[in-house]
Amino acid sequence: MMDNRLGDGFQRKENRTSLAISRVTQSQIVLVPYFFSAIQPRGQINTMEVTSSYLPSLQKYVGYLEGIYARCRLTNNGPLACELAARLEDYLGVRNLILVSNGSAALELAYHALDISGSVVTTPFSFPASSSVPAWNGIDPSFADIDPHTWNIDPDQIESAIRSDTTAISPVHVYGNPVDDVRVSAIARRHGLRVIYDAAHCFGTRKAGRSILDQGDASAISFHATKTFHTIEGGAVIFRDDAICERARRMINFGFDAVTGDIVDLGTNLKMSEVHAAMGLAVLDDVDYILSHRRHLLALYMHKLGDYVQCQRIDAEVTNGGGYMPIALADTATCERVYQHLGNLGIATRRYFHPSLDTTVPYARFGTTRYSRDIADRVLCLPLHTKLSPNDVETVCTAVLAGIRDTAPRLVSLAGIV
């Protein structure tokens with residue numbers, strides 16, 4: 001069966017690391033690269049990007065821009081933003097969707113609208129935003145380890161990470177693999193906690209035929225340029241409660257009441273512009289093709305590599321959103337060798353998410369994990385986007401197997417666990 005996954009990426013060609021984060025290793029502090037870009041070995045030129053933004057018909061996009069010029073309305077919940085929000089609610093099968101300026105803003109809005117304070121239980125196996133957003137707003141992340149099979153936060157580890165000041169749980173649907181919402185919700189009810197899902201990778205992900213974006217008290221999604229669906233920069237929050245949703249609508253516009261114009265809440269500027277909404281409308285027309293193409297490539301990857309690498313365990317009821325093709329190699333040395341080998345062939349890959357956030361100086365004090373560190377040290381994301389052909393996937397798979405060499409054809413183990 002096809003493995004399902006989703007994620008985001010950054011199209012970069014620079015021959016450099018994009019960010020250096022201090023890493024804590026056995027009481028020593030060393031600098032390691034955080035591979036949120038497609039880092040290419042020195043002297044090599046990419047011929048195959050790890051990700052590439054989907055660009056819709058220029059004529060269609062310009063048509064939307066001409067309407068913006070004619071109306072001379074660029075922002076402040078303009079007609080295109082309203083149209084996009086309504087169409088997304090219909091397409092995703094959700095309600096109470098609020099568009100915002102980016103994915104991090106989506107998380108921030110959820111935290112403020114739900115009055116989260118103190119600490120939040122989350123995972124270190126994620127992009128920094130999952131922890132930096134709460135920490136930036138004075139809320140401590142409290143790390144729970146991941147399940148070594150699903151790579152999501154392990155429900156069995158959540159309660160041990162709950163502190164006396166914890167007010168929420170914020171699981172990440174890693175690469176679009178849905179978290180066990182039934183178990184997370186039960187824990188939240190038992191402890192009186194809110195649930196905010198980081199669903200940055202989850203456009204198009206469904207379970208048992210339903211969108212997973214209506215789970216929890218809120219789900220925050222990213223519409224960054226390299227997501228399956230994008231608005232160049234942007235994001236959205238889906239709220240369960242109508243009253244909280246209305247409060248959030250005020251918060252994205254400095255706390256103004258939309259009817260009276262009175263300032264009735266704290267707030268800031270998180271609104272999506274008309275120009276970004278225009279891109280979203282143009283992309284949304286093509287999103288069925290985008291999802292179909294990426295899912296087809298994922299199926300090819302799994303057919304070629306499934307017996308040689310470790311992949312996430314995905315529930316049979318899940319339909320993926322086609323965002324990522326992550327694999328975990330047998331060990332760090334094999335991962336680095338495959339990464340280097342593909343780079344030498346001009347095939348860009350990313351060690352995403354590496355390192356585990358609990359090994360970095362800004363976040364080391366929020367807990368330590370075993371499996372998050374293990375998977376982070378072995379994970380590699382392969383090229384996946386609409387510019388790739390099936391022949392390109394064949395080329396990547398051949399290169400991966402050549403890079404593995406002495407580890408193929410045996411299945412990798414979970415660091416001796418299995």
Side-chain angles (χ1 to χ4, degrees), residues 7-8 10 18-25 29 31-37 100 102-112 114 116-147 151-155 157-158 160-163 165-177 179 184 188 193-202 216-222 224 235 237 350-377 379:
D8 58 5
F10 295 79
S18 293
L19 179 65
I21 297 180
S22 297
R23 184 176 183 180
V24 178
T25 306
I29 299 177
L31 286 178
V32 298
Y34 192 93
F35 292 92
F36 69 84
S37 286
V100 292
N102 59 65
S104 295
L107 275 175
E108 186 170 17
L109 177 62
Y111 277 104
H112 282 281
L114 291 164
I116 307 304
S117 61
S119 66
V120 57
V121 177
T122 190
T123 170
F125 188 67
S126 183
F127 189 70
S130 302
S131 293
S132 68
V133 168
W136 191 261
N137 286 277
I139 303 164
D140 284 350
S142 180
F143 290 140
D145 207 355
I146 63 172
D147 181 299
W151 305 354
N152 285 328
I153 194 169
D154 186 348
Q157 303 299 317
I158 290 176
S160 62
I162 294 174
R163 306 185 337 193
D165 65 347
T166 298
T167 54
I169 306 169
S170 184
V172 179
H173 300 298
V174 176
Y175 306 123
N177 185 17
V179 172
V184 169
L193 306 177
R194 296 288 196 177
V195 177
I196 298 172
Y197 279 108
D198 185 335
H201 314 154
C202 292
D217 294 288
S219 288
I221 187 167
S222 172
H224 183 267
V237 190
R350 286 194 307 150
R351 298 193 61 191
Y352 190 73
F353 307 102
H354 172 81
S356 178
L357 293 178
D358 63 318
T359 66
T360 65
V361 165
Y363 306 106
R365 63 190 178 93
F366 299 124
T368 59
T369 63
R370 175 186 178 187
Y371 298 127
S372 178
R373 295 183 183 199
D374 169 51
I375 298 298
D377 284 345
V379 75

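The figures here come from the full heavy-atom set of this structure, side chains too, leaving out hydrogens, waters and symmetry mates.
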State, yes or no, whether a side-chain contact exists between [X] and [Y] at a heavy-atom distance under 4.5 Å.
{"X": "Thr167", "Y": "Arg194", "value": "no"}
{"X": "Pro171", "Y": "Ile169", "value": "yes"}
{"X": "Phe125", "Y": "Val174", "value": "yes"}
{"X": "Val172", "Y": "Ile153", "value": "no"}

**OP:** Could you walk me through whether Tyr197 and Asp217 pass the side chain to side chain contact (heavy atoms under 4.5 Å, CB included) test, one step at a time?
**Re:** CA-CA 8 Å; Tyr197 279 108; Asp217 294 288; over 6 Å; no
Original post:
His173 side chain to Val179 main-chain N or O, any donor-acceptor pair under 3.5 Å?
Top reply: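 Checked: pair present.
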**OP:** Take Trp136 and Ser104 through the side chain to side chain contact (heavy atoms under 4.5 Å, CB included) test and state the conclusion after the steps.
**Re:** CA-CA 11 Å; Trp136 191 261; Ser104 295; over 6 Å; no
Nearest 0.5 Å, what's the [atom1]-[atom2] distance between [X] and [Y]?
{"X": "Phe127", "Y": "Ser222", "atom1": "CZ", "atom2": "OG", "value": "9.0 Å"}
{"X": "Phe353", "Y": "Ile375", "atom1": "CZ", "atom2": "CD1", "value": "12.5 Å"}
{"X": "Asp374", "Y": "Trp151", "atom1": "CG", "atom2": "CH2", "value": "10.0 Å"}
{"X": "Leu107", "Y": "Asp198", "atom1": "CG", "atom2": "CG", "value": "4.5 Å"}
{"X": "Phe366", "Y": "Ser131", "atom1": "CZ", "atom2": "OG", "value": "8.0 Å"}
{"X": "Arg351", "Y": "Asp377", "atom1": "CZ", "atom2": "CG", "value": "6.5 Å"}

**OP:** Show the numbers, then the answer: is there a side chain to side chain donor-acceptor pair (under 3.5 Å) between Thr122 and Ser130?
**Re:** CA-CA 8 Å; Thr122 190; Ser130 302; 5.6 Å; no
On a heavy-atom basis, which atom in [X] and which in [Y] lie closest, and how many Å separate them?
{"X": "Pro128", "Y": "Leu357", "answer": "CA-CD1, 3.9 Å"}
{"X": "Ser356", "Y": "Thr369", "answer": "OG-OG1, 4.0 Å"}
{"X": "Ala376", "Y": "His354", "answer": "O-ND1, 3.1 Å"}
{"X": "Ala129", "Y": "Pro134", "answer": "O-CD, 4.1 Å"}
{"X": "Val133", "Y": "Tyr111", "answer": "CG1-CD1, 4.1 Å"}
{"X": "Val237", "Y": "Ala106", "answer": "CG2-O, 3.2 Å"}

Could you give the side-chain donor-acceptor pairs of residues 138-146 under 3.5 Å, partners two or more places apart or in another chain?
from	atom 1	to	atom 2	distance (Å)
Asp140	OD2	Arg163	NH2	3.1
Ser142	OG	Ala161	O	2.6
Asp145	OD1	Tyr371	N	3.4
Asp145	OD1	Ser372	N	3.0
Asp145	OD2	Arg370	N	2.9
Asp145	OD2	Tyr371	N	2.9

**OP:** Dump the intermediate steps for side chain to side chain contact (heavy atoms under 4.5 Å, CB included) on Ile196 and Val120, then the final yes or no.
**Re:** CA-CA 9 Å; Ile196 298 172; Val120 57; over 6 Å; no
Subject >> Donor-acceptor pair between His224 and Asn102 side chains, under 3.5 angstrom >> reply: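 No - no donor-acceptor pair under 3.5 Å links their side chains.
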Subject >> Where at least one partner belongs to residues 128-138, residue pairs that pass salt bridge (Lys or Arg N to Asp or Glu O under 4.0 Å), sequence neighbours excluded >> reply: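 Every pair satisfying salt bridge (Lys or Arg N to Asp or Glu O under 4.0 Å) with a residue in residues 128-138: there are none.
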**OP:** Can you spot which of Thr359, Asp358, Thr368 makes a side-chain hydrogen bond (donor to acceptor under 3.5 Å, both in side chains) with Arg373?
**Re:**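 The side-chain hydrogen bond (donor to acceptor under 3.5 Å, both in side chains) with Arg373 is passed solely by Asp358 among Thr359, Asp358, Thr368.
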Original post:
Given the rule in the side chain to side chain contact (heavy atoms under 4.5 Å, CB included) test, do Asn152 and Thr123 qualify, once you have shown the distances and angles that lead to the verdict?
Top reply: CA-CA 8 Å; Asn152 285 328; Thr123 170; over 6 Å; no
